[in-house]
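So that the names make sense, note that chain A is the first sequence line, chain B the second, and so on, each numbered from 1. What you are looking at is a predicted structure, and each value in this text was computed from that prediction instead of being measured. Just the heavy atoms: all of them, side chains too, but no hydrogens, waters or symmetry mates, feed the values below.
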2 protein chains.
Amino acid sequence: MSIQGDKPTTIKEIAKKLKISPSTVSRALNDHPSIGLVTTMRVKKVAEELNYEPNQTAIFFKQRKTFTIGVLLPSLSEPFFSSAISEIENVSNDRKYTVIMGQSLDDAEREERILKTFKSHRVDGVLMSVGKNTTNLEFLEKLENSGTPIVFFDCVPDIPKINKVESDLATGMNEAIDAFVARGHAKIALINGPQLLPASEERKNSFLSALKRNGLDYDEKYIVNTDLTTEGNEAAMEKLYALPERPTAVVSFNDFVTLDVMKAARNRGLVLNHDIHFISYANYPLWKYMENPPMGCIEQFPGNQAKKAAEILFEKINNPDLAPQQIVFKSRLIM
Amino acid sequence: MSIQGDKPTTIKEIAKKLKISPSTVSRALNDHPSIGLVTTMRVKKVAEELNYEPNQTAIFFKQRKTFTIGVLLPSLSEPFFSSAISEIENVSNDRKYTVIMGQSLDDAEREERILKTFKSHRVDGVLMSVGKNTTNLEFLEKLENSGTPIVFFDCVPDIPKINKVESDLATGMNEAIDAFVARGHAKIALINGPQLLPASEERKNSFLSALKRNGLDYDEKYIVNTDLTTEGNEAAMEKLYALPERPTAVVSFNDFVTLDVMKAARNRGLVLNHDIHFISYANYPLWKYMENPPMGCIEQFPGNQAKKAAEILFEKINNPDLAPQQIVFKSRLIM
DNA sequence: TTGTACGCGTTATCAC
DNA sequence: GTGATAACGCGTACAA
């Protein structure tokens with residue numbers, strides 16, 4: 001119930017109380033070697049008493065360094081990004097850095113606005129995964145020549161000389177097709193995302209090459225697309241179901257799609273893991289609890305990706321002349 | 001490829017270029033009415049050219065206001081908190097506020113350290129859900145009389161006169177027991193969390209009163225505890241399984257527990273939704289995809305809670321004299 | 001070992 | 001309508 005005012009203590013007040021100069025207080029507080037032990041102790045004692053806490057806003061301002069990084073992701077609620085955030089917070093916390101966050105919700109305008117905010121906050125670096133609808137990459141240039149290091153991960157722009165950490169979707173796809181083939185499947189389908197999405201493009205290409213690698217023919221009817229809505233997912237499954245030569249094995253775009261299509265398959269009377277088999281690009285292992293989970297899933301290690309990206313960012317912050325880092329994490333089939 | 005230096009443009013440079021004073025530039029940039037239209041336009045044009053962006057660190061420093069709130073949660077990767085974060089980011093973004101984040105991981109020391117960081121960043125307010133192991137609430141006092149408004153949500157300290165948004169677990173529990181009873185169940189068990197957890201205490205109490213309300217006897221063997229590890233969860237299920245009068249209906253602490261115990265039940269040969277029925281305190285609706293989901297789940301609306309908490313915080317920030325707000329969200333059974 | 005003086009970028013206050 | 005000046009809290013080069 002103290003009538004403790006709202007104004008935080010400053011070094012000046014400590015100085016006045018001790019009848020010494022503010023600079024001495026400053027140095028004492030920072031354990032500057034030139035200050036006598038007694039003085040240092042006296043200063044610290046009074047600082048404690050007065051509940052002194054350094055005003056970081058002043059320090060940030062003066063030092064032109066904020067010990068803060070900005071993290072900009074498409075979404076903060078998706079499990080993939082949650083694991084990422086968690087790792088980023090850990091790495092940052094270890095290094096005494098603070099994290100400010102924003103979600104673009106795949107809105108390019110919002111994305112740019114948040115980036116601007118980060119910049120005006122003078123963050124020491126930016127970690128970001130680009131939204132699906134971002135086409136204009138000017139902001140990048142602006143950021144870069146403002147000297148703020150930036151590291152992309154997961155969804156990265158296709159530009160040379162930037163720092164990025166991404167996932168190689170092909171390795172997991174290869175393993176998936178191999179696994180299907182090893183079990184005797186020949187009619188293998190792909191339920192892909194929206195056609196214009198780079199992530200879809202990549203899945204398609206690696207799907208085709210994995211088929212080829214296994215000596216299988218490609219039938220274009222076996223690639224269907226979904227707009228990632230539940231309706232779209234179900235429609236995609238319907239298309240496959242309607243085929244005269246129904247596929248017995250399916251690789252699907254991601255968890256959410258897989259959940260929908262598996263349900264749709266069940267509703268059509270197909271017996272999971274008997275009539276039809278699924279492998280999903282997956283973000284988290286919830287499958288183990290299901291009675292009929294997908295046959296396998298392709299793990300992209302969002303936590304690891306984010307962690308690595310954060311580490312690169314901190315390297316860059318401490319050594320701006322570092323050459324651009326480009327890391328690729330292999331995706332892996334988990335069964 | 002411009003040799004654009006690393007130093008951001010300041011109003012001084014704009015002033016020099018235009019041969020006017022920095023104050024005029026400042027006023028022009030802020031659309032101050034006393035500045036002539038022509039001057040204002042000229043200033044804005046040059047600012048644009050020079051890629052001027054206000055240095056918030058300087059503004060924060062001067063204004064003693066950071067337009068930043070700190071959000072401290074036990075975990076950033078749990079779905080419950082992810083939805084919360086997402087809503088908080090939305091509300092903050094709407095109000096032009098920035099969010100800095102930290103996760104305590106239920107470590108009281110880390111929690112306090114992060115809070116200290118928030119404070120030294122001079123955040124305008126704090127939003128927090130208290131960790132499981134936090135016993136010492138001194139930090140709260142310190143924060144409060146430093147004038148920083150703080151709003152708790154989900155896991156809130158049991159103290160009067162603070163701002164909090166919490167969930168009433170009893171309403172959902174009542175509906176759950178009613179639903180079980182309506183379906184003829186009499187042997188109803190509770191798989192609860194660690195005994196010392198307030199959340200467990202609350203579940204237990206509402207379980208007991210819901211039983212009573214339905215004229216059912218309470219058998220202490222029907223309440224088992226888990227430490228929330230997979231092993232603990234399985235052990236809890238085993239205890240129930242071993243009972244001579246096995247329960248036919250179970251309310252379980254949360255999603256993760258439910259997943260484990262349902263699996264354990266299946267492994268014991270019990271047929272879900274026939275031999276044994278589950279209702280779970282649930283954070284997100286993934287159940288609809290399962291072949292044998294729980295009979296129902298008790299939704300706590302983390303997104304709504306967080307949104308309301310954020311709104312209260314912003315009210316507090318704008319009007320510090322506002323009386324403490326205490327909101328309770330009723331939990332609801334979803335079937 | 002300690003004090004003095006200055007500057008970081010911005011805005012409020014006062015003067016013209 | 002515009003300019004000069006001070007101030008926010010801190011760190012540090014320079015002086016003593």
Select base, sugar-phosphate, or nothing to describe what [X] touches, counting heavy atoms under 4.0 Å on all strands.
X       : result
B:Thr39 : sugar-phosphate
A:Phe60 : nothing
B:Pro54 : sugar-phosphate

Look at the side chain of B:Arg122 and the base of D:dG9, then say whether one donor and one acceptor between them are separated by less than 3.5 Å.
no
Once hydrogens and angles are ignored, does a donor-acceptor distance under 3.5 Å link the base of C:dG9 to the side chain of A:Arg64?
no
When the distance from [atom1] of [X] to [atom2] of [N] is rounded to whole Å, what number comes out?
X       : N      : atom1 : atom2 : result
B:Asn55 : C:dC8  : CG    : P     : 12 Å
B:Phe61 : C:dG7  : CZ    : C1'   : 11 Å
A:Lys62 : D:dT12 : NZ    : C1'   : 7 Å
B:Ile11 : D:dT2  : CD1   : P     : 15 Å
B:Tyr52 : C:dG9  : OH    : C1'   : 8 Å
B:Leu18 : D:dT2  : CG    : C1'   : 13 Å

Do B:Leu313 and B:Asn163 come close enough that some side-chain heavy atom pair is under 4.5 Å?
no
Can you find a heavy atom in the side chain of A:Val43 that is under 4.5 Å from one in the side chain of A:Leu18?
yes
Nearest-nucleotide 5' precedence on DNA chain C, B:Asn30 against A:Leu37
A:Leu37
Compare side-chain N and O positions of [X] against OP1 and OP2 of [N] and report whether any pair is under 4.0 Å apart.
X       : N      : value
A:Thr24 : C:dG3  : yes
B:Lys12 : C:dC8  : yes
A:Ser23 : D:dT12 : no

Nearest to the A:Ile59 side chain among C:dT11, D:dC10, C:dC14, which nucleotide is it?
D:dC10
A:Arg27, nearest nucleotide to its side chain (from C:dG9, C:dC8, D:dA13):
D:dA13
Ring centroid separation B:Phe329 to B:Phe301 under 6.0 Å
no
Report the residue (A:Thr10 or B:Lys19) whose heavy-atom-nearest nucleotide on DNA chain D is the more 5′ of the two.
B:Lys19
